[in-house]
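These notes are about the structure you will find just below.
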Amino acid sequence: MAIFIDSDTKVVVQGITGRDGSFHTREMMAYGTRVVAGVTPGKGSQNFEGPNECTVPIFNGMDEAVSETGANTSVVYVPPAFAAGAILEAAEAGVELIVAITEGVPVLDMARAHAFARDRGVRVLGPNCPGLISPGKSKVGILPGQIVAEGPIGVVSRSGTLTYEAVFQLTTAGLGQTTCVGIGGDPLIGTNFISCLEAFEEDPETAAVVMIGEIGGTDEQEAAAYVKETMSKPVVGFIAGRTAPPGRRMGHAGAIISGSSGTAEEKIRVFEENGISVAIRPADIVGLLQGALA
Amino acid sequence: MAIFIDSDTKVVVQGITGRDGSFHTREMMAYGTRVVAGVTPGKGSQNFEGPNECTVPIFNGMDEAVSETGANTSVVYVPPAFAAGAILEAAEAGVELIVAITEGVPVLDMARAHAFARDRGVRVLGPNCPGLISPGKSKVGILPGQIVAEGPIGVVSRSGTLTYEAVFQLTTAGLGQTTCVGIGGDPLIGTNFISCLEAFEEDPETAAVVMIGEIGGTDEQEAAAYVKETMSKPVVGFIAGRTAPPGRRMGHAGAIISGSSGTAEEKIRVFEENGISVAIRPADIVGLLQGALA
Amino acid sequence: MDIHEYQARERFRAAGIPVPPGRVVTTPKEAELAAEEYGGTVVIKAQVHSGGRGKAGGVRLAEDAAEARRYTSQILGMDINGFPVEKVLVTPAEDIDTEAYVGVLVDRKAQAATFVVSAEGGVDIEEVARTSPNSIRKLSIDPRYGMLPHQAYWLANFLYDPPKLVSQASKIITQLYDAFVGSGASMAEINPLITTPAGEVKAIDAKMSIDDSELFRRPDVAKMRDTSSEPLSETRAREAGLSYVKLDGDVGCCVNGAGLAMATMDLVKHYGGEPANFLDIGGSSNPDKVVAALEIITSDSNVKVILFNIFGGITRCDDVANGIIEAIKHIDVELPIVIRLTGTNEDLALQILEDAGLSACTSMDEVVEKAVELAGVA
Amino acid sequence: MDIHEYQARERFRAAGIPVPPGRVVTTPKEAELAAEEYGGTVVIKAQVHSGGRGKAGGVRLAEDAAEARRYTSQILGMDINGFPVEKVLVTPAEDIDTEAYVGVLVDRKAQAATFVVSAEGGVDIEEVARTSPNSIRKLSIDPRYGMLPHQAYWLANFLYDPPKLVSQASKIITQLYDAFVGSGASMAEINPLITTPAGEVKAIDAKMSIDDSELFRRPDVAKMRDTSSEPLSETRAREAGLSYVKLDGDVGCCVNGAGLAMATMDLVKHYGGEPANFLDIGGSSNPDKVVAALEIITSDSNVKVILFNIFGGITRCDDVANGIIEAIKHIDVELPIVIRLTGTNEDLALQILEDAGLSACTSMDEVVEKAVELAGVA
């Protein structure tokens, strides 16, 4: 088992002919993801050449891509100016999951796009996220397939490379993963910590969860309350940004301490108050997890 | 029994201090409608003086009017420029039924307002409608209380005075009504014929229905198909506008034959094809109804 | 409210839609000058609020300025489906590769602005929708979100295959939606939308109707009204706040309520007469409105009898009767007047009317029969 | 991106919000002239991207032009919370009856623009929300519908009772929403919104932050950026497409990924050091970006050691190692450099780095400890 994606996931790549889209499509296909279609307006009826002489049909629009191939998931690599539009298109075309990789999408565009997706019961992951991977089954997004391994740990994170860091340590220590999810570093994201925790709690193969947060917002705090109230599985946490100054955006659009709220101290305190062991160094995650699973 | 409104209906009047609003509020109160609140921005905390020394508290906004009085229905008498806004406000405040009397509301405003009300599961009647009356129980709108009587006939109509005409004849002939509903003459209305027929079909006290349509649109045609497929109760129909020229708006914004569709001939034909007896003169309605009920 | 093609072209152009240049003229001389300026072949198009201009000879291709002048003098003054031509549009003829249809109107069932597009242009779209429904694509625009980029693309892609044409058409479709919403329209249409041999997509015809209820807040649109294209009586009725439509019969109808007014017309016809008009005086007993109504009805020289059909609901019948009597005092009506009044206080009202020497009754059938009879006699 | 008060005032004024006149000046003489022109008492306000200007002495009431000149010369060049004052705003002082707070920002939980209003103005709204939550009213605006008239009224009615004030404030709230959306803002604030003894509602302060992701499509807003108000190194980083925030420590950090960059800073602190910066070089191995990053880090004279922490994911570590080596060739770095590279092909990468004489390892803890140690020695 895994959450959100597995070996049945049929993916359409929005922006498949772009630089990032084409590169990561090949990476996904090489990993074994079932990429069934690509969309680039104006390039319909061409084919995308994947690895191992596999080809993927390209469509002008999501509507056709979904109806012709039965895709149930899309991944968005289109530039920021068009990304919200691509999400709206995917939501209308009827996929179940939209993974929005694009960074720099205007926040008010996303407010509308999230509302549109909610209206239709479609899950959006991101934007500004690395996507997700269910080791051995499927990867959708840009997470490096070679650092993961199958196993019982669920990983959810607002960050990209920090997640790789943590996952690589888990894999090296023999702790494989059910699914690793990057929820994205933007202020308005479609899938938050709680959604992922719910899914991990319900996933019978997940034994424990690593939750990697950062400064900005209150998503971690709400997730912590959820962990205490609802979760039976152990959760180990990490929060990046203890040294971040207030009021400055630390790379991610969402990583900013506004006024006195959203500090790392606050998040760490709330984690601990709700029974989540907090790793002070990334290197401590493995140890805490082994302790929790022992 | 009755449909949509009965003696438990608690009404808030939007635009209670206006010319039409104040006049019809007094009429409604005199009829026995439970008018529990009025709304006029800027006149909050004043009182509206009704008949028989009854007073109604005025609020600045619907939110307060509903929370303070438990009103479940609103009736809108505000001018066209503000009517759609008043409907949005009522829908957000959580009433179950909004009766929009105002004529001349921009159609694209109503497209938004109807979407907003649908999002919240709120029924809108109108706009550009005379409202409705459940004889002996409640009236909301501008229908004259003195021409109705309690009895087993449901009446639903796109028109105002033509409805009065029909209802008056019913009353004179001893055929009282469960509820008379004016659904309004605009192109985009919140409650259509089918909604009313459904409610009459379910209302145990309604024995037969009079449905009064006119040129323009296809609401009558769809209602006729519904009657044939679903209704157990007899329906008598009338269609106004057999002499209306195509392409000209006959008073009501919705009463216009576009191209070749929406003609009275077409509607009468579809009525007859679906087992609805059609009165050629208004005076024939009573006879057809008596025949159907015999 | 209908606006002219040249006015719709202005709205479209302001929204960014590529529309060829054009000049509206009212004389053959001006048409000749315009044609000279454009050079080459021009199209002369009658500006009237009516379809079927082509069939009626109101659209002509002129190969030079002299021909433009000649055709303009033929078209000006023409009567097209009851509308006199007072202006023509002169516009350069375009090289046409393909013709498509793009239109948007408020769809009652969808409760939303709804696009219809077809790769067959210059056609009666209603006819196309009926006879070959697969050759149209339809899309309703959610009023909560407006036109979304992929929706415009989806419509455009139904018209064209080459990416360059699709992208031009998507843009035009989005701009048409903007023009539609920004004008408070109930309908906007490009028929045909053409492609040229050079690969450009252009709107060479433009049509738009405005929702009357929008006019109060759109003075720029409201001033596009061309009262010269409607009967004077309709202009006056609108100014008096009355709903009035002139017809060809001789029984002048004055009714309160639109539905009852239509039913009254139908009943006139039923009893063998012909209604002279639709007229709704609304719900008040205000004598001023009745005066205006009588003036408008009597200005129609076909009218032989005036028929009042009033249902007194909230307004009491005696008030209405007094209003009618007072109105008649202010205006010199030589035609027979028959009145039906029913509802609250009708007995009182009938007495008032009869005391004033007016013919009154309470039955709609009775009064209509009497009116038809009087019209036949007169 | 923060914009200055005077710039936010311009945006507000363009949206119709009543904002008193004002002039931005950079010299005491200009301030004097402006004060003379306005006559009466004026306010001199430091234009810096920082709150707490009043407490810092950056806002002064000047009773005449001479005083305006004197205060301006005191304020110009002041350092307010790290920001040097280079401009002041001169604006006529208003008679103030009441002060309220009106603000709108993107609320993460509601996923929508969210208003907060309070009848207490000129305050720290966060503090008010915490200490007396009943004295604020909050409302999220559904992005599908925008600000609805009754919502603006509902907010305004929380501030005022008199209908005239409520109606002015409703309008201002709607206009503030328009300015917010129309500027691609993430925050807009009027603090305080005042009423005057004459019964007028006015915005006498204006604050706005822009969503950086909106700038590509809003050139008019983008040109409001005041690079003089930020360290030169940050301007250069932005131009090079790097996320960079200058800090006060001595360990220069160069990391791929924002989360890992923060975690690296935290670990520097954990091992007793102080990070000199946040810097995310992104996901590529492009030597140009590394060159830019090294130039920016070394332009900070506090920096004593340069720490690379790179996780090679999709990008292979050997590519990254080659990129770093090539970058170092192009720039003369005298500071010690320590490098951590891990992920795909890390062994190969470490060999490449060591062959080039660079200190490299695969553990994050190890490299950070080493960097802190080197900074302490230097």
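Letters A, B, ... mirror the listed sequences (proteins, then strands); counts begin at 1.
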When rounded to the nearest 0.5 angstrom, what distance separates [atom1] in [X] from [atom2] in [Y]?
X	Y	atom1	atom2	value
A:Ile256	D:Ser209	CD1	OG	8.0 Å
D:Met262	A:Ile239	CE	CD1	10.0 Å
A:Asp186	D:Ser213	CG	OG	6.5 Å
D:Met364	A:Phe168	CE	CZ	14.0 Å
A:Tyr164	D:Thr342	OH	OG1	14.0 Å
D:Thr264	A:Glu165	OG1	CD	7.5 Å

If you compare all heavy atoms of [X] against all heavy atoms of [Y], which two are closest, and at what distance to 0.1 Å?
X	Y	value
D:Arg217	A:Pro106	NH2-CB, 3.2 Å
D:Phe216	A:Ala81	CE1-CB, 3.4 Å
D:Asp365	A:Ala283	OD1-CB, 3.3 Å
D:Pro143	A:Ala111	CG-O, 3.5 Å

Part of [X] lying under 4.5 Å from any heavy atom of chain D:
X	value
A:Ile212	neither
A:Glu222	side chain
A:Ser157	neither
A:Pro282	side chain
A:Leu188	both
A:Arg242	both
A:Val107	both
A:Arg249	both

Residue selection (most heavy-atom pairs with chain A, distance under 4.5 Å) from D:Glu126, D:Glu274, D:Arg130, D:Lys269: D:Glu126
Selection from D:Val268, D:Asp280, D:Val245, D:Leu279 maximising heavy-atom pairs under 4.5 Å formed with chain A: D:Val245
D:Asp248 atom CG, over 12 foreign heavy atoms within 6.0 Å: no
Enclosure of D:Phe83 CZ (heavy-atom neighbours >12, cutoff 6.0 Å): yes
May I ask you to decide if [Y]'s main-chain N or O and [X]'s side chain share a donor-acceptor pair within less than 3.5 Å?
X	Y	result
D:Asp266	A:Thr243	yes
D:Gln111	A:Ile189	yes
A:Thr161	D:Phe311	no
D:Arg108	A:Gly254	yes

What part of [X] lies closer than 4.5 angstrom to a heavy atom of chain A: side chain, backbone, both or neither?
X	value
D:Ala185	backbone
D:Asp124	neither
D:Tyr271	side chain
D:Leu215	neither
D:Asn256	both

Between [options], which shows the greatest number of heavy-atom pairs under 4.5 Å with chain D?
options	result
A:Gln169, A:Glu103, A:Glu214, A:Arg158	A:Glu214
A:Ala115, A:Gly217, A:Gly185, A:Gly160	A:Gly217
A:Ala255, A:Pro130, A:Ala253, A:Gly251	A:Gly251
A:Asn192, A:Val105, A:Leu143	A:Val105

Qualifying residues under side chain to side chain donor-acceptor pair (under 3.5 Å), relative to D:Tyr244, sequence neighbours excluded: none
Residues 21-32 of chain A: residues contacting chain D (heavy atom under 4.5 Å, by number): A:Phe23, A:His24, A:Glu27
salt_bridge(A:Asp119, D:Arg144) N-O dist < 4.0 Å: yes
Charged N-O contact under 4.0 Å between A:Arg248 and D:Glu230: no
Which residues share a salt bridge (Lys or Arg N to Asp or Glu O under 4.0 Å) with A:Arg118, sequence neighbours left out: none
Counterpart residues, salt bridge (Lys or Arg N to Asp or Glu O under 4.0 Å), relative to D:Arg53 (two or more places apart): D:Glu5, D:Asp205
Student check: side-chain heavy atoms of A:Leu108 and D:Glu214 closer than 4.5 Å: yes
